Amino acid sequence: MREWPSAIADACITDPPYGDTSLEWDRRCDGWVTEVARVLKPTACIWVFGSMRFLATVFGEMEAAGFRYAQDIVWEKQNGTGFHNDRFRRVHEHAIQFYRGAWGDLFRAPQYTQDARAKVVRRKTRPTHTGNIEAGHYVSEDGGPRLVRSVIDVANEHGKAVHPTQKPLGILAPLIAYSVPPGGLVIDPFMGSGSTGIAAATLGRRWIGAELNPDYIALQAERTRQPGLMLETA
Ligand SMILES: C[S@@+](CC[C@H](N)C(=O)[O-])C[C@H]1O[C@@H](n2cnc3c(N)ncnc32)[C@H](O)[C@@H]1O
C-alpha cells in the first residue's frame with residue numbers, strides 16, 4: 001500500500017484479520033488505518049468488517065487518524081461460526097462506517113428496496129365542533145421504496161467459498177452502492193479472494209486491493225474469470 005498514491009480513493013471497504021483465533025490467516029495487522037487514511041481523499045469513509053471484539057480495538061486507531069463513527073450495519077448469516085459452546089451462537093458480524101470531512105460533503109446514496117408493505121392507517125373521529133365525520137382508514141399500496149434496513153440477511157458462502165472468510169457479494173454491494181460514487185475508487189487492503197473488487201466492478205466502481213498471500217491473489221484472478229458471477233442480494 002505504501003506505493004499507492006495519496007488522496008485518490010473515495011472509500012475503503014475492508015475485512016481485516018480479526019485476530020480472534022490463533023489460525024495462520026488470522027494475525028492482526030497494525031498500522032493499516034494510517035496508510036488507508038493517506039490513500040483516501042480528504043472527505044471519505046472506511047467501512048470495516050469485524051467481530052465486536054476486534055472492532056472495539058479499531059475505534060482508537062480511527063480517531064487517531066481523524067475518522068469519526070458514522071453508523072454500523074449487521075450482517076446476519078444463517079449459520080454462524082461459533083468458537084464457544086458456552087455463549088450465544090454467533091450468527092452475525094458488524095461492519096462500521098467511519099468518515100472524515102463534513103458529513104454533508106460525503107457521498108451517500110441511501111439504498112432502497114421496492115417492497116414497502118401496504119399500511120392501514122386508522123383516522124380518528126373528528127370532534128363535533130369540526131363536524132361529525134366518521135372514523136375511517138387510509139390504505140397505502142403494496143410496493144414502493146423502503147430504506148434498506150441496517151440488519152442485512154445474506155447467506156454466507158459456506159460450501160462454495162474459496163477463501164476461509166469469504167464475504168458474500170450481497171453484503172458488500174449495498175455498502176459500495178451507498179458510499180462510492182459511480183466510477184469512483186474503492187480500496188481494500190485485505191482482499192482475500194477479491195470479493196470487494198468483484199462487487200465494485202459489477203457496480204461500475206473502480207478498485208485497488210492488496211493481499212499478503214499469493215495463493216489468495218491467484219484465487220482472485222480465478223474468480224474474476226468465472227462467467228456469470230452475480231451479486232446475490234438479500
Ligand atoms: C478476513 S480475510 C479477507 C477475506 C475477503 N473479505 C474475502 O471475501 O475473500 C483477510 C485477508 O487479509 C490478508 N492479510 C493479512 N495480513 C495482511 C497484510 N499485512 N497485508 C495484506 N493482506 C493481509 C489475509 O491473507 C486474508 O486473506
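Keep in mind that the numbers below use all heavy atoms, side chains included, and drop hydrogens, waters and symmetry copies. It should be emphasised that the depicted structure is a prediction, and the values quoted were computed from it without experimental measurement. Here, residue 1 is the first one in the sequence, and each next residue gets the next number. One-based numbering, in listed order, for ligands and for the atoms of each.
- Close N/O approach between D15 and ligand 1 is found [any backbone or side-chain N/O within under 3.5 Å].
- Classified by interplanar angle (parallel below 30°, tilted 30° to 60°, perpendicular above 60°), the ring pair W75/F49 is perpendicular.
- Follow the hydrophobic side-chain contacts under 4.5 Å out from I46 and you reach W4 in the same cluster.
- Here the straight-line distance linking atom OH of Y99 with atom CZ of R108 works out to 9.5 Å at 0.5 Å rounding.
- Counting atoms of ligand 1 from 1 in the listed order, those under 4.0 Å from a heavy atom of C29 are 19 (N).
- Every atom of ligand 1 with a heavy atom of P189 under 4.0 Å away is listed here by number and element: 21 (C), 22 (N).
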Legend entry - Full working for side chain to side chain contact (heavy atoms under 4.5 Å, CB included) between S179 and Q97: CA-CA 9 Å; S179 45; Q97 186 193 28; 4.1 Å; yes

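- Within the structure, the closest approach of M191 to ligand 1 falls below 4.0 Å when heavy atoms are considered.
- The residue among L212, L169, T14 with a heavy atom at the shortest distance from atom 21 (C) of ligand 1 is L212.
- Of the polar atoms of H163, at least one N or O is found under 3.5 Å from an N or O of ligand 1, judged by distance alone.
- Between W47 and F98, the distance from one ring center to the other does not fall under 6.0 angstrom.
- In terms of protein heavy atoms, atom 2 (S) of ligand 1 is closest to T165 OG1, 3.1 Å.
- Ion pairing of K167 with E93 is present here, as a side-chain N (NZ or NE/NH1/NH2) and a carboxylate O approach within less than 4.0 Å.
- Near Y216, with a cut-off below 4.0 Å to any heavy atom, the atoms of ligand 1 are 25 (O), 27 (O).
- Atom 11 (C) of ligand 1 has E211 OE1, 3.6 Å as its closest protein atom, hydrogens excluded (heavy atom only).
- The distance criterion of under 3.5 Å between nitrogen or oxygen atoms is met by S195 with respect to ligand 1.
- Residue nearest to atom 14 (N) of ligand 1, selected from F190, W32, Y18, F49: F190 (by heavy-atom distance).
- Between K167 and ligand 1, a contact under 3.5 Å exists for at least one N or O pair.
- Considering Q166, M191, E211 as possible partners of Y216, the one that fulfils the side-chain contact (heavy atoms from CB on, under 4.5 Å) test is E211.
- For the side-chain contact (heavy atoms from CB on, under 4.5 Å) with C45, the qualifying choice from L106, L40, D10 is L106, the only one to do so.
- Residue, atom and distance of the protein heavy atom nearest to atom 15 (C) of ligand 1 are P17 CG, 3.4 Å.
- When each atom of ligand 1 is checked for a heavy atom of Q166 under 4.0 Å away, the hits are 7 (C), 8 (O), 9 (O).
- Listed for the D26 side chain is a donor-acceptor partner under 3.5 Å among the backbone atoms of G19.
- Contacts between S193 and ligand 1 below 4.0 angstrom, taking non-hydrogen atoms only, involve backbone and side chain alike.
- Counted by atom type alone, T113 and R149 present zero donor-acceptor pairs between their side chains at under 3.5 Å.
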